[in-house]
Number of protein chains: 2
Amino acid sequence: MTDRASTAPPARKRADAQRNEQALLDAAAAAFGASGVGVPVRDIAARAGVGVATIYRHFPTRADLIVAVYRHQVEACAEAGPALLAECPSPYDALARWIDLFVDFLDTKHGLAAVLQSDDPGHAALHAYFLDRLVPVCKQLLDSAVKVGEVAPRLDPLGLLYAVGNLCAGQAVPRYDARRMVRLMITGLRLR
Amino acid sequence: MTDRASTAPPARKRADAQRNEQALLDAAAAAFGASGVGVPVRDIAARAGVGVATIYRHFPTRADLIVAVYRHQVEACAEAGPALLAECPSPYDALARWIDLFVDFLDTKHGLAAVLQSDDPGHAALHAYFLDRLVPVCKQLLDSAVKVGEVAPRLDPLGLLYAVGNLCAGQAVPRYDARRMVRLMITGLRLR
DNA sequence: ATCTAAACGGATCGACGTTCCGCTTGTCAA
DNA sequence: TTGACAAGCGGAACGTCGATCCGTTTAGAT
């Protein structure tokens with residue numbers, strides 16, 4: 001075992017493949033920012049200076065690519081949950097602020113919320129990742145607020161996250177303020 | 001003026017064109033119900049037994065076809081607004097029940113809410129129709145509730161309708177209950 | 001019966017996601 | 001260093017879909 005990491009599996013990628021994967025991540029991030037997460041696959045490939053097949057080789061579905069691009073930010077959002085719970089005066093406040101963070105994240109990513117609500121099986125991995133990572137955090141916040149009687153019990157955290165995502169989708173109309181509508185919904189949650 | 005209706009404009013459609021238009025409306029209604037409003041144009045044409053060009057001739061954009069298919073139901077929803085205002089104990093109740101009607105309408109139409117939130121210019125006519133017809137009704141209900149102090153002022157009726165539409169979009173997840181989330185938001189509206 | 005413009009249908013085009021296949025190149029052992 | 005081989009690559013090709021085009025059919029008027 002001369003490997004630096006003793007747990008590393010024997011399969012190692014070729015150097016050019018690693019470079020391409022990184023180039024693709026950079027290109028995808030740029031393309032998503034410029035044209036939304038629905039940007040044509042060919043555009044991303046062109047930005048990265050690779051062929052389209054290379055994208056599919058590294059990221060079998062668009063969802064895989066999206067997850068890879070936004071993983072850091074989703075992680076940060078997930079980790080903010082317990083932190084807010086610790087520092088906020090009440091669990092409800094923590095929940096409200098955490099939802100705000102989630103809205104911040106979603107509405108700076110053109111079309112991400114829309115993709116999140118699609119039932120295209122190609123997006124299953126995206127659903128799975130977001131939900132696996134964020135539902136437990138939301139549940140913890142919700143449970144804490146329920147425990148002190150600030151919020152009514154029996155609200156599915158998945159449903160709440162889903163609703164926030166939906167409210168952030170489709171901002172085509174300039175007079176529509178997603179954040180305000182989310183706050184309204186969170187207000188409706190409060191018991192006392 | 002030998003025309004039966006003196007107000008009829010000189011332009012009259014050929015009988016076969018009228019038949020085809022009706023066949024298309026029936027076929028589209030069936031196809032929308034079976035496969036959602038995103039069903040391929042070719043499928044609708046096949047159901048109606050016409051060529052695809054005939055669809056575009058009668059309904060230049062998909063939005064025109066959707067509007068034509070659902071016009072009656074949208075009208076009914078719009079007309080229910082003033083009626084509810086008259087018969088309900090309070091304007092807030094009328095608003096809540098009207099929103100409920102809107103949700104009823106939306107979530108029985110696969111994918112309609114999703115189309116409603118798309119910013120595809122081909123759907124502009126759909127946006128325009130829904131908004132022209134329903135925003136004034138929503139505004140009347142909202143204004144009435146504001147006047148008696150049940151709801152905070154300065155909420156854009158368009159934004160509220162948009163939010164309801166968003167909440168009804170993308171019901172891919174079985175544990176997501178759009179109606180419940182809408183009710184939560186409407187609850188958040190209430191002042192006293 | 002004849003004429004004409006309205007209407008038609010399906011071929012066609014372009015955009016896109018996805019797959020396929022022959023070529024290139026990194027890696028490792030001799 | 002060199003040779004062999006599999007990992008990796010690029011872009012052509014295919015299927016689907018929306019939208020348009022164009023030669024043909026036909027309703028309705030004369």
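Between A:Gln22 atom CD and D:dG8 atom P the separation is 16 Å, expressed in whole Å. Atoms CD1 (A:Ile44) and P (C:dC16) sit 12 Å apart, rounded to a whole Å. Between the CG atom of B:Asp64 and the P atom of D:dA19 there is a distance of 11 Å, given to the nearest Å. Spacing between atom CZ of B:Phe59 and atom C1' of D:dT20 amounts to 19 Å, rounded to whole angstrom units. What separates NZ of B:Lys13 from P of C:dA7 is a distance of 8 Å, to the nearest Å. Between A:Tyr56 atom OH and C:dG17 atom P the separation is 6 Å, expressed in whole Å. In this entry the distance linking CD of A:Glu21 with C1' of C:dG26 reads 17 Å, nearest Å. Distance CG (B:Asp120) to P (C:dC16): 13 Å, rounded to an integer number of Å.
In terms of position along DNA chain D, the nucleotide closest to B:Asp43 lies nearer the 5' end than the nucleotide closest to the other residue of the pair B:Ala15 and B:Asp43. Between B:Arg42 and A:Val41, it is B:Arg42 whose nearest contact on DNA chain C lies nearer the 5' terminus.
A donor-acceptor contact under 3.5 Å is not formed by the side chain of A:Arg19 with the base of D:dG8.
A:Val52 comes within 4.0 angstrom of a nucleotide base, judged by non-hydrogen atoms across all strands. Within the nucleic acid shown, B:Ala53 comes within 4.0 Å of at least one base atom, counting heavy atoms only.
Aromatic ring pairs are classed by plane angle as parallel below 30°, tilted from 30° to 60° and perpendicular above 60°; the pair B:Phe102 and B:Phe130 is tilted. Ring orientation note: the planes of B:Tyr70 and B:Phe105 are nearly perpendicular, at an angle over 60° on the 30°/60° scale.
Side-chain polar atoms of B:Tyr176 and A:Asn166 form a donor-acceptor pair below 3.5 angstrom.
Applying the 4.0 Å criterion to OP1 and OP2 of C:dG17, one finds that A:Arg62 has a side-chain N or O inside that range. A sub-4.0 Å separation between OP1 or OP2 of D:dG8 and a side-chain N or O of A:His58 is absent. In this structure, B:Arg14 does not reach the D:dT26 phosphate: none of its side-chain N or O atoms is under 4.0 Å from OP1 or OP2. The side chain of B:Asn20 places an N or O atom within less than 4.0 Å of a non-bridging phosphate oxygen (OP1 or OP2) of C:dC8. Regarding contacts with the backbone of D:dC9, a side-chain N or O of A:Arg57 is found under 4.0 angstrom from either OP1 or OP2.
Nearest heavy-atom pair, B:Leu116 versus B:Tyr162, reported as atom, atom and distance to 0.1 Å: O-OH, 4.2 Å.
Within a 6.0 Å radius of CZ in A:Arg97, other residues, nucleotides and ligands contribute 12 heavy atoms or fewer.
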